[in-house]
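Single-structure report; data block below.
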Amino acid sequence: MTDSTRIDFIYLSEQDMIRAGVTDMAACVDTMEEMFGLLYHGDYRMAGANNDSHGAMVSFPENSPFASMPKPTADRRMMAMPAYLGGNFCTAGVKWYGSNIANREKGLPRSILMFTLSDADTGAPLAHMSANLLSAYRTGAVPGVGARHLARKDSRVIGLLGPGVMGKTAVAAFIAVCPLIDTIKVKGRGQRSLDNFLTWVQETYPQIKRVEIVDTLEAVVRDSDIVTYCSSGEVGDPATYPLVKREWVKPGAFLAMPALCNIDAGMEQSDVRKVLDNTGLYHAWFEEVPKPAHRCIPIIGVRFMDMVAAGQLDATQLEDIGKIVVGEAPGRQNDEEIIIMSVGGMPVEDVAWGTVLYRNALARDIGVKLNLWETPALS
């Protein structure tokens, strides 16, 4: 046995993750911005032949001869999401994503997530961590990066569909980068989630002077400076996805869409800027699923890919947030332009934020140290 063969790693529970700073949204936005620069320059890898795949998902049949096999119920996902990220991170990792909307009936989150961070050279584990908050905060931080570069600096009003976890973290990111925000309009499905959201806002953001509960998508969008749709739902028929109509949208509005979304003909027009979080991700998605792809993946950027394939949109009109972040393309150019950003979510985001939190945990002596082996039994 030699010391060089010993491998230890740390386990971080959800409470450990909180102590390590997972809820520090301002730091998370900065981390995601750094990550987008690396994406633009190509210092990353994800799964798939083009290195841009969202991940590998297990699918279940409608009818199985095996009674114990899970059914393909709403938002049923079992997915592995691996990635490598270079730069100051230089780590690899994989998030295991288990999701079933029926979990809520058991008092559980819709999604239950774990993340393993690894040494990019040896592949040895560095940390195994609770990932619900990791995933939620990195997801919310991406719209925050978009708002930093694409929202009006004087933005005051957020229009939010879906006051759940994704909605809260998106709001947190918007407030982190747009300090003048003082009003939120919110639409939710049930009073319980709305009450929870109201309490969270009151306790977390005393600078918010007004929270208005609205009943329609039009009310969410109209007169809002920043709009985000963060609701979950059935995938398959884009006609049922929450819609944005051009007539509702305020000149100068920024729309960040990390969930189900559809747009009308007015929003399809070329004077509405269309930004993607990573162009390659959408090419990968489009290659991987039946067409029209928006039926399978409800993110608005996938609708843009369908439009390109149908000749309804010139691919050169699709912009990449990474190019904007590094200064090689313009951010917001005037106070009147309408900009919609598609947020698909990527495992490189988990690697970036997970690496920061792992290093925080080491520095603060947080987590449980576990031993993989002193020396491997097989080598």
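Values reported hereafter were calculated over all heavy atoms of this structure, with side chains retained and with hydrogens, waters and symmetry mates removed. All values derive from a computational prediction rather than experimental measurement.
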**Request:** Indicate the atoms forming the closest heavy-atom contact of P298 with V235, along with that distance.
**Result:** CG-CG2, 3.8 Å
**Item:** Separation between CG of L12 and CD1 of I10, rounded to the nearest 0.5 Å
**Value:** 4.0 Å
**Request:** Would you indicate whether the side-chain heavy atoms of F254 and I338 approach each other to under 4.5 Å?
**Result:** no
**Item:** Hydrophobic cluster membership, Y40 vs M46, 4.5 Å side-chain cutoff
**Value:** no
**Asked** Counting only N and O atoms by type, is there a donor-acceptor contact under 3.5 Å from the side chain of N262 to the main-chain atoms of Y241?
**Response** no
**Message:** The test is salt bridge (charged side-chain N to carboxylate O under 4.0 Å, His left out); show your working for D271 and R246 and say whether it passes.
**Reply:** CA-CA 11 Å; D271 63 328; R246 175 68 176 269; 2.6 Å; yes
**Message:** Under 6.0 Å between ring centres: does that hold for F115 and H128?
**Reply:** no
**Request:** State whether R273 and E319 are salt-bridged, where the test is any N-O pair (Lys NZ or Arg NE/NH1/NH2 against Asp/Glu carboxylate O) under 4.0 Å.
**Result:** yes
**Prompt:** Atom CE in M32, atom CE in M25: separation rounded to 0.5 Å?
**Reply:** 9.5 Å
**Asked** Do you know which two heavy atoms are closest between M129 and G354, and how far apart they sit?
**Response** CE-O, 3.8 Å
**Asked** Just wondering, more than 12 heavy atoms not from E105 lying within 6.0 Å of its CD?
**Response** no
**Asked** In terms of side-chain geometry, is the basic nitrogen of D154 or R156 positioned less than 4.0 Å from the acidic oxygen of its partner?
**Response** no
**Prompt:** Do I299 and M257 pass the side-chain contact (heavy atoms from CB on, under 4.5 Å) test, and can you show the C-alpha distance, the side-chain angles, and the key distance before you say yes or no?
**Reply:** CA-CA 7 Å; I299 305 299; M257 299 301 186; over 6 Å; no
**Prompt:** Between K153 and D225, does at least one N-O distance fall below 4.0 Å, as a salt bridge requires?
**Reply:** no
**Message:** Quick check on N88: does its CG atom have over 12 non-hydrogen neighbours (other residues, nucleotides or ligands) under 6.0 Å away?
**Reply:** no
**Fill in**
Separation between CD1 (I18) and CG (D24), nearest 0.5 Å, reads 13.0 Å
**Message:** For Q207, is the CD atom crowded, meaning more than 12 foreign heavy atoms sit under 6.0 Å from it?
**Reply:** yes
**Prompt:** T5 versus P376: any side-chain heavy-atom pair under 4.5 Å?
**Reply:** yes
**Request:** Heavy atoms only: give me the nearest V244-M267 pair and the separation to one decimal.
**Result:** O-CG, 3.7 Å
**Item:** Derivation of the salt bridge (charged side-chain N to carboxylate O under 4.0 Å, His left out) call for K245 and D264
**Value:** CA-CA 5 Å; K245 291 187 177 182; D264 74 348; over 6 Å; no
**Item:** G190 backbone acceptor or donor facing S193 side chain under 3.5 Å
**Value:** yes
**Request:** Would you kindly confirm whether V145 and V22 end up in one hydrophobic cluster when ILVMFWY residues are joined by side chain heavy atoms under 4.5 Å apart?
**Result:** yes
**Message:** Please determine whether residues W353 and M114 belong to a single hydrophobic cluster, defined as Ile, Leu, Val, Met, Phe, Trp and Tyr linked transitively by side-chain heavy-atom distances below 4.5 Å.
**Reply:** no
**Under 3.5 Å: donor-acceptor pair, side chain of S135, backbone of A131** = no
**Prompt:** Does a side chain donor of either T183 or K209 reach within less than 3.5 Å of an acceptor in the other side chain?
**Reply:** no
**Request:** Just do the salt bridge (charged side-chain N to carboxylate O under 4.0 Å, His left out) check on K185 and E212 with the steps written out, would you?
**Result:** CA-CA 5 Å; K185 295 184 297 176; E212 179 185 354; 5.9 Å; no
**Prompt:** Does the side chain of D16 come under 3.5 Å of the side chain of S13 through a donor N or O and an acceptor N or O?
**Reply:** yes
**Asked** Atom CG in L313, atom OG1 in T316: separation rounded to 0.5 Å?
**Response** 8.0 Å
**Message:** Just so I know, are the side chains of E349 and V142 near enough to count as touching, which here means a heavy-atom distance under 4.5 Å?
**Reply:** yes
**Request:** Would you please name every residue forming a ring-ring contact (aromatic ring centres under 6.0 Å, His included) with F174, sequence neighbours left out?
**Result:** none
**Request:** Measure across L160 and C230 and return the closest heavy-atom pair with its distance rounded to 0.1 Å.
**Result:** CD1-SG, 4.1 Å
**Request:** Measure the acute angle between the ring planes of W200 and F197, then classify it against the limits of 30° and 60° as parallel, tilted or perpendicular.
**Result:** tilted
**Complete:** Between P82 and G55, the two heavy atoms sitting closest are CD-CA, 4.5 Å
**Flag, side chain of D320 to backbone of T279, donor-acceptor distance under 3.5 Å** = yes
**Asked** Does L85 offer a backbone N or O that forms a donor-acceptor pair with the side chain of R45 under 3.5 Å?
**Response** no
**Request:** Return yes if a side-chain donor-acceptor contact under 3.5 Å exists between E14 and N132, otherwise no.
**Result:** no
**Fill in**
Heavy-atom closest pair (Y44 atom, N51 atom, distance to 0.1 Å) is CE1-O, 3.6 Å
**Test item: V289 and I297 side chains (from C-beta on) under 4.5 Å apart, heavy atoms** = yes
**Asked** For D365, does the CG atom sit with more than 12 other heavy atoms under 6.0 Å from it, leaving out its own atoms?
**Response** no
**Check: R76 and P70 side chains under 4.5 Å, non-hydrogen atoms** = yes
**Message:** Working to the nearest 0.5 angstrom, can you tell me the gap between F60 CZ and K71 NZ?
**Reply:** 11.0 Å
**Asked** M341, V308: one ILVMFWY side-chain cluster at the under-4.5 Å cut-off?
**Response** yes
**Request:** Would you tell me whether D277 and Y282 have side-chain atoms, one donor and one acceptor, within less than 3.5 Å of each other?
**Result:** yes
**Prompt:** Can a cation-pi geometry be assigned to K291 and F286, taking NZ or CZ under 6.0 Å from the six-membered ring centre and within 45° of the ring axis?
**Reply:** yes
**Request:** Considering only NZ, NE, NH1 and NH2 on the basic side and carboxylate oxygens on the acidic side, decide whether E328 and K323 come within less than 4.0 Å.
**Result:** no
**Request:** Could you tell me whether the side chain of K274 and the main chain of E268 form a donor-acceptor pair under 3.5 Å?
**Result:** yes
**Asked** Any donor and acceptor pair, going by atom type alone, linking the side chain of T91 with main-chain N or O of S118 inside 3.5 Å?
**Response** no
**Prompt:** Does N371 use its side chain to pair, donor to acceptor, with the backbone of D8 at less than 3.5 Å?
**Reply:** no
**Request:** May I have the step-by-step check of side-chain contact (heavy atoms from CB on, under 4.5 Å) for K369 and F9, ending in yes or no?
**Result:** CA-CA 6 Å; K369 186 176 181 180; F9 62 99; over 6 Å; no
**Asked** Given side chains that start at C-beta, do those of I175 and I208 come closer than 4.5 Å, heavy atoms only?
**Response** yes
**From CG (L150) to CG (L255), nearest 0.5 Å** = 11.0 Å
**Item:** Heavy-atom side-chain contact between P238 and R303 under 4.5 Å
**Value:** no
**Request:** Could you give me the CA-CA distance, side-chain angles and deciding distance for W285 and M305, then say whether side-chain contact (heavy atoms from CB on, under 4.5 Å) is met?
**Result:** CA-CA 9 Å; W285 262 335; M305 299 303 294; over 6 Å; no
**Request:** Answer with yes or no whether the side chains of E288 and S53 bring together a donor and an acceptor at under 3.5 Å.
**Result:** yes
**Message:** For the backbone of G236 and the side chain of R295, can you confirm whether one donor and one acceptor N or O come within less than 3.5 Å of each other?
**Reply:** yes
**Asked** After noting the C-alpha distance and the side-chain angles of R138 and D350, does the key distance pass the salt bridge (charged side-chain N to carboxylate O under 4.0 Å, His left out) rule?
**Response** CA-CA 7 Å; R138 65 80 158 159; D350 300 298; 2.9 Å; yes
**Item:** Linked, directly or transitively: L126 and V94 (ILVMFWY side chains, under 4.5 Å)
**Value:** no
**Message:** Tell me whether T116 contacts the main-chain N or O of A127 through its side chain, where contact means a donor paired with an acceptor under 3.5 Å.
**Reply:** no
